[in-house]
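Report on one structure; see the data block that follows.
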Amino acid sequence: MEKVACEVTQEQTLTAASDKEAANSQEDSHVLEKNSPSEEAGEMDQFEDLFEQSLRTFQEGEILEGTIVRVDKESIMVDVGYKSEGLIPIREFLDEKGEITVSSGDTVEVLLERWDPDEGMLRLSHSKALRRQVWAEITKAFEAETPIKATVSSRVKGGLSVRIGDRKGGVTAFLPFSQIDLMPVRDPEALSNQTIECAILKCNIRRENVVVSRRFLLEKEMAGKRVNTLASLEEGQVREGEVKNITDYGIFVDLGGIDGLLHITDMSWGRVEHPSRLFNVGDTIKVKVLTFDRESEKVSLGMKQLTEDPWLRVEEKYPMGEKVTGKVVSLTDYGVFMELEEGVEGLIHVSEMSWTKRIRHPSQMVNVGDIVEAIVLKVDSKAQRISLGLKQIEPNPWDLVENRYPIGTVIEGTVKNITEFGLFIGIEEGIDGLVHISDLSWSKRIKHPNEIYKRGETIQAAVLNIDKEKERFSLGVKQLHPDPWESVPERYPVDSQVAGKVTNVTDFGVFVELEEGVEGLIHISELGPGKIKTPVGMFQVGDEISAKVIHVAPLERRIGLSVKRISEDDERSHFDKYSGIDKSAANTLGSLLQEELVQHSRAHAEEDDKDQKE
């Protein structure tokens, strides 16, 4: 038994020491006889102390003060004033790095776990002595309701494990999540290894159960501050506060025991995407008290109100027509919001982005974050609106089009699009001209432009009209050639006989093509003698037919034809030849009447022709 052996060795040492002391005392007896009376009294006091120590008794569980006499690899020997020393495992004196924290000669407190006076055996513990002291501090703090310091160790179910006291003699306590702070803590593990002050809520030494609260102390502190704050808080004050919580709509600021709301709209004159972009929990900020309801204790705060409203001087800084530079902060379907300065934004409507391009979405022109230039179009400081224009940076190309392309100019371009009503031809970047289907040909009947043209084909056209206000450019292809109807009266005079092909047969007459693009109508009343109900069945498309021109209207693009007139003229010619009447002779009353009837018939035929076409 090592401890016993150690204790015997110590007794022998003590015996040898006492024998030596006795011998010394005998040697010194002659000297004492020579010493003064005061020196003899001092020596007597020392003997009395040694005698009292030899009679001293110990109690198990008692905390003693001892001196380290030796440090070994496995244990440390401590002298507590007994006839034998006690051994304590060295692990009780190691720090977190595993290094020994004491050395020979140091004084330490130890707990007497076991004492056997008969055998002279001591069992000591340094850590339990420290633990006993920690429990005493916990009990005192619990009874006096005073704060105690604890170090957060780890996260456990329902809360945090904290340690009161140092590592060797510390007591483990439980800190519930609900007692960590005044507000729910999103990341409790962020407190790991931090030393905090807390109150003892529950203490059971027998079960070694301790529950602590940090919130209790915060609430107590907050209550004191709250009274002072409510007494001094007024609207219009500028105060400092601490950011307690961040939400999507704003932040809550602790003004000293009472929280105020700083809404997102009152944070800055400019655009704020989210409060977390500007603040962090724990930040100290200056705010202005906007409203304060003492009954409900609700406080509204503002930060932008600490500076002047930038819209007060907008009309001076950004006059109409001024060129400005800003940053694109937002894109919408209808336009772009551009920040001119903090708190001042202008709108570039999608219609003000390009003179020529059809912008379906602003992202075709700019992106968020781009630095762009624009022209101030309109300023309304009361409504806090600024209208900007992007296209106004460059001259309007439509202002130059009239000078570049006067009416009658022949241009050459590529067919960019084909529709049922015409062709769109690219003239220059952003400007297209329209060739209406009616301006494709003088003579051909075109049902759809794709019968003649293809997309991407290069064609020529003449400028017909330019409407700068409506941004319309009218072109014509047929105008590149003379209108064949302009010379129709000379080529097809009245009473001349012509021939052509039937192109259409209707109930009111027959259409005959005299040449490409020139058609005449033989009204049903001019098809032959007698009354004809319908020409359908009498003629077929493609039939060759001869007729006489009885009416020409080039502006209306109409030619009246008559088959009946040919037979009538032939009959009259035969009659005149048979009767020997000279054409140059004066007309008789009968001939005049006959001519009147013919003219009346022609007028009636033309009128019917016009009504049918309408």
Donor-acceptor contact present, side-chain [X] to main-chain [Y], <3.5 Å:
{"X": "Trp269", "Y": "Lys304", "value": "yes"}
{"X": "Trp311", "Y": "Gly343", "value": "yes"}
{"X": "Glu402", "Y": "Trp398", "value": "no"}
{"X": "Gln194", "Y": "Ala190", "value": "yes"}
{"X": "Asn280", "Y": "Asp283", "value": "no"}
{"X": "Ser232", "Y": "Asn228", "value": "yes"}
{"X": "Gln384", "Y": "Ser381", "value": "no"}
{"X": "Glu457", "Y": "Lys454", "value": "yes"}
{"X": "Thr229", "Y": "Gly256", "value": "yes"}

Are side-chain heavy atoms of [X] and [Y] found at a separation under 4.5 Å?
{"X": "Val518", "Y": "Glu513", "value": "no"}
{"X": "Thr325", "Y": "Ile371", "value": "yes"}
{"X": "Lys286", "Y": "Leu306", "value": "yes"}
{"X": "Asn245", "Y": "Ile251", "value": "no"}
{"X": "Val401", "Y": "Asn403", "value": "no"}
{"X": "Asp248", "Y": "His274", "value": "yes"}
{"X": "Leu182", "Y": "Lys244", "value": "yes"}
{"X": "Ile466", "Y": "Arg472", "value": "no"}

Run Leu434 and Phe421 through side-chain contact (heavy atoms from CB on, under 4.5 Å) and show every step you take. CA-CA 9 Å; Leu434 171 65; Phe421 55 84; 4.0 Å; yes

For [X] and [Y], which heavy atoms make the closest approach, and how far apart are they?
{"X": "Pro147", "Y": "Leu217", "value": "CB-CD1, 3.6 Å"}
{"X": "Asn450", "Y": "Ile418", "value": "N-CG2, 4.0 Å"}
{"X": "Glu316", "Y": "Pro319", "value": "O-CD, 3.8 Å"}
{"X": "Gln460", "Y": "Val477", "value": "O-CG2, 3.9 Å"}

Within 6.0 Å of [atom1] in [X], more than 12 heavy atoms from elsewhere:
{"X": "Glu490", "atom1": "CD", "answer": "yes"}
{"X": "Glu145", "atom1": "CD", "answer": "no"}
{"X": "Arg455", "atom1": "CZ", "answer": "no"}
{"X": "Arg271", "atom1": "CZ", "answer": "yes"}
{"X": "Arg358", "atom1": "CZ", "answer": "no"}

When you look at Ile138 and Ile164, which way does the side-chain contact (heavy atoms from CB on, under 4.5 Å) test go after all the steps? CA-CA 8 Å; Ile138 292 173; Ile164 302 173; 4.0 Å; yes

Knowing that exactly one of Glu235, Arg239, Glu234 qualifies, which makes a side-chain hydrogen bond (donor to acceptor under 3.5 Å, both in side chains) with Gln237?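 Result for side-chain hydrogen bond (donor to acceptor under 3.5 Å, both in side chains) with Gln237: Arg239.
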
As an exercise, state the distance from [atom1] of [X] to [atom2] of [Y], rounded to the nearest 0.5 Å.
{"X": "Lys447", "Y": "Ile437", "atom1": "NZ", "atom2": "CD1", "result": "11.0 Å"}
{"X": "Glu197", "Y": "Arg214", "atom1": "CD", "atom2": "CZ", "result": "10.0 Å"}
{"X": "Glu451", "Y": "Ser441", "atom1": "CD", "atom2": "OG", "result": "11.0 Å"}
{"X": "Asn417", "Y": "Leu423", "atom1": "CG", "atom2": "CG", "result": "9.0 Å"}
{"X": "Leu230", "Y": "Ile258", "atom1": "CG", "atom2": "CD1", "result": "4.5 Å"}
{"X": "Glu373", "Y": "Met338", "atom1": "CD", "atom2": "CE", "result": "9.0 Å"}

When you look at Gln305 and Asp266, which way does the side-chain contact (heavy atoms from CB on, under 4.5 Å) test go after all the steps? CA-CA 7 Å; Gln305 289 78 4; Asp266 291 312; 3.0 Å; yes

Hey, is [X] close enough to [Y] for a salt bridge, meaning N to O under 4.0 Å?
{"X": "Arg215", "Y": "Asp181", "answer": "no"}
{"X": "Glu519", "Y": "Arg558", "answer": "no"}
{"X": "Lys317", "Y": "Glu322", "answer": "no"}
{"X": "Arg131", "Y": "Glu208", "answer": "yes"}

Could you go through Asp432 and Phe473, starting from their C-alpha distance and side-chain angles, then the distance that decides it, and tell me whether this counts as side-chain contact (heavy atoms from CB on, under 4.5 Å)? CA-CA 7 Å; Asp432 295 341; Phe473 202 121; over 6 Å; no

For residues Ser268 and Glu342, is any side-chain donor paired with an opposing acceptor at under 3.5 Å?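 A donor-acceptor contact under 3.5 Å links the two side chains.
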
Cation-pi check, Lys478 to Trp442: give yes when NZ or CZ is under 6.0 Å from the six-membered ring centre and within 45° of the ring axis, no otherwise.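 Output yes; distance and angle both within limits.
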
Stepwise, does the salt bridge (charged side-chain N to carboxylate O under 4.0 Å, His left out) test hold for Asp370 with Lys327? CA-CA 6 Å; Asp370 288 352; Lys327 180 180 179 181; over 6 Å; no

